[in-house]
Engineer: 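Before we start, here is the structure in question, set down as structure tokens.
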Amino acid sequence: MAAEPRPREKSPTPAAPGQMEPRYDIKSVEACIYKKWEDSGFFNPDACVREGVTARDAEPFSMVLPPPNVTGVLHIGHAFEDALQDIAVRFARMQGRRTLWVPGTDHAAIATQSKVEKDLAKTEKKSRHDLGREEFLRHVNKFAKASHDTIVRQIKRMGASLDWSREAYTLDEKRSQGVRTAFQTMYDLGLIYRGNRIVNWDPKGQTVISDDEVQHEERRAKLYTFRYGRLANGELFPIPVATTRLETKFGDTAVAVHPTDERYRKFVGKEYDVPFCGAPLHIKVVADESVDPAFGTGAVGVTPAHSMTDWEIAERHGLPHVQVINEYGKMTVPGPVNGKKTEEAREWVAEELRKQGLIEKEEEVVQNVSVAERTGGIIEPLPKLQWFVAVNKPFKRGFLRRTTLKQLMRDAVASGRVRIGPERFEKIYFHWIDNLRDWCISRQIWFGHRVPVWYKGEQVSVGAPPAGAEGWEQDPDTLDTWFSSALWPFSTLGWPEKNSPDLATYFPNTLMAPGYEILFLWVARMILMSGVLLDSVPFRTVLIHGIVRDAKGQKFSKSLGNGIDPLELADTYGADALRMGLIVGAAPGNDVKFDEQRVKGYRNFSTKIWNIARFIQMNKPAAGGGDTSPRPDFSGRAEVKELAALKKEVSAHLEAFEFHLAAEKLYHYIWHTLADKIVEEQKAALRDGTPAEKSASYALLESLLLDSLKMLHPFMPFVTEEVYGIFRPGKMLMVEAW
RNA sequence: GCGUCCUUAGCUCAGUGGUAGAGCGUCACAUUGACAUUGUGAAGGCCGGAGGUCCGAUCCCUCCAGGACGCACCA
């Protein structure tokens, strides 16, 4: 709009002595305020008790920050998560609860290592093997440290009221001790075992990963229906099978059919020697319930070494497994395919079978390909000797009745001892548990907690090498990063130290607020670990939140380049505004589409609050200004009652974790009731009233303002703290009573 | 295949068993001392479709369509 620009004042009129600045200087105020909070020590509940701000026997409120990965910088999703938690924490603290929120970071083994490896390849054209384990780890640790510092700065910038004196790191000495203790305890219970099983091998990352780190991507593929070849008597192999992975068929040791399938019944139990593209196969026909007679030909070529399900079929029928693909995704079959990549080998086999007239059908299908979430490598199922957590194995421990880890995880939620909200996530949780298999915890990477097991020939020592003994070698592998994260709710509180006061006071945690994408990876495993190690749930309530997406609804990611720096936004609009922009409209568990306009709107709200305060403060009767009437009692006034009603609603919303509703109501009240109605109504009295009327009017406005600030504080801590301090010098809103 | 969620104003989204709300956007008007980072007001929605329960449904149930996601032994 080319509207006539009104001449703006060149510079705002400077504030009169004792008056508020005409403009709210977000950046400098927010910086000062955080320092003021930190200096007060009140982020630490011990200080609150010592200073008499919190009663010693007050009900505790505890939470641990889901530790951000030290893989670089925080994104807008972290800002959202921090805001949610800080609201809960500040509310609890103002309610007088003994409130602890523990900060920390996660070493994020694979994520961090692969980030550093990428950087290393780019800048120095070196691999980790060029550097060697020790030197490489020095690089990673340096990177992790730098990330940590950035992350801490970002978290503070958001206003998070964390007790930094208790800061933890999943790879620091205390947490390492926890990991070793947990491993040993579970090993002794028979819940951690070493086994040769089929695992998800990531050829790109050169490591095993767990089922939950595998993602599925839809790809088009060709489904071939074929016969292995001709038997010695010249007849075709009697059963056609279908597959999308022809190259794995070199490893087939059986054909499985459904037990009731009449077509194939006569073959069950028979064994055949048949050449497949020049390689001899020995195939047994077995009957197995897992086969779907309606799919394909109703017969499955069983490749135990390269398929999770086939491995299980093989176990049920005592079939041998033949590995034909190695860790680099290359064929290990003698002959023309040897050394070929799987895709090439597939083409070659297809061509060969065509030549021999063995292909009966080729059809285009869409199938899910398993991909490693961190590296993008296509998963190759391989049999390997790895460490696992047994989830289905019955066990008994002193304080626990006979159970399994799976049952234990289920019970914690089913019994209501852990409440997951919104409720729909409980269903998802149960569904996951029902499909759960043993958790593979060893990784062939260097960054992380080294598997605390030592070997000497056939001997194994868990926890530590036998004292004074020579020649013991520690397992070269490291543990899944989620193993240490799973201990987080109590490893941050002193466990496994005996008689830790923090553990006694603050465990189980009151609340945990993770995103739904780590419900299984993390939340479930915390429940598992707390259950088996402490016979307790790790937390009472899990508040699941969604993902912050960009304007198009896409996830923020480095590859899309759509990242938004929360620090930049906080500097432009204020952390207060950013928090509100993320919270309002974000129903629990739902994704949030990020909209900078909204943040801008809440920046305006900060200014509005500043101006309401400024107006009220300008009308403060001068001390000794002639009005000697007592402070009027306006507790019966409609305005006061209205505010009390609002307070009730806001409290209820906060208690129900409906932060979005509470925030919206406060916004509405302050702007459209307090400013637009009440302040306007009082203007006449303030201008033309008697000194007593002026004074009464002022007192009413001040009281309404301060109460509003109090309620808004958990949401917009900076501006509320600053303004409150102007009216109540020396007081700190953060620890005022709700 | 199993499961979860979403579909409400132009856009982004809240919400409730009793004929709908916010922010942004749009339009009109106002405004020279708290605030243009403003105020007042307006336009704008058969609350995805079809059934059902109910005195009454956007809200509960069933089915359908479209979309997102999770899980799975889709060979």
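So that the names make sense, note that chain A is the first sequence line, chain B the second, and so on, each numbered from 1. Reckoned from all heavy atoms, side chains included, excluding hydrogens, waters and symmetry mates. Everything quoted here is computed from the prediction, not taken from an experiment.
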Engineer: Name the orientation class of the two ring planes belonging to A/Tyr602 and A/Phe605 (parallel below 30°, tilted from 30 to 60°, perpendicular beyond 60°).
Structural biologist: perpendicular

Engineer: Checking contacts here: which listed nucleotide (B/A34, B/C73, B/G39) is nearest the side-chain heavy atoms of A/Asp676?
Structural biologist: B/G39

Engineer: Which part of the nucleic acid, if any, lies within reach of A/Tyr516 when heavy atoms closer than 4.0 Å are counted: base, sugar-phosphate only, or nothing?
Structural biologist: nothing

Engineer: Looking across every strand, which nucleic acid part, if any, lies under 4.0 Å from A/Thr243 by heavy atom: base, sugar-phosphate, or nothing?
Structural biologist: sugar-phosphate

Engineer: Students often get this wrong, so: under 4.0 angstrom with heavy atoms, is A/Val291 touching a base, only sugar-phosphate, or nothing?
Structural biologist: base

Engineer: Contact class for A/Thr303 vs. all strands (heavy atom < 4.0 Å): base, sugar-phosphate, or nothing?
Structural biologist: nothing

Engineer: Send over the distance from A/Glu664 CD to B/C13 C1', rounded to a whole Å.
Structural biologist: 9 Å

Engineer: Rounded off to whole Å, could you give me the CZ-to-C1' distance for the A/Arg598 and B/C13 pair?
Structural biologist: 7 Å

Engineer: Look at the side chain of A/Thr244 and decide which nucleotide, out of B/A75, B/A14, B/A72, has an atom nearest to it.
Structural biologist: B/A75

Engineer: Using 4.0 Å as the upper bound for N to carboxylate O, is an ion pair formed by A/Lys677 and A/Glu642?
Structural biologist: no

Engineer: Which listed nucleotide (B/A75, B/C73, B/U38) is nearest to the side chain of A/Trp671?
Structural biologist: B/U38

Engineer: Across the strands shown, which category fits A/Asp434 at heavy-atom distances under 4.0 angstrom: base, sugar-phosphate, nothing?
Structural biologist: nothing

Engineer: Could you go through A/His653 and A/Phe659, starting from their C-alpha distance and side-chain angles, then the distance that decides it, and tell me whether this counts as ring-ring contact (aromatic ring centres under 6.0 Å, His included)?
Structural biologist: CA-CA 6 Å; A/His653 285 315; A/Phe659 302 155; over 10 Å; no

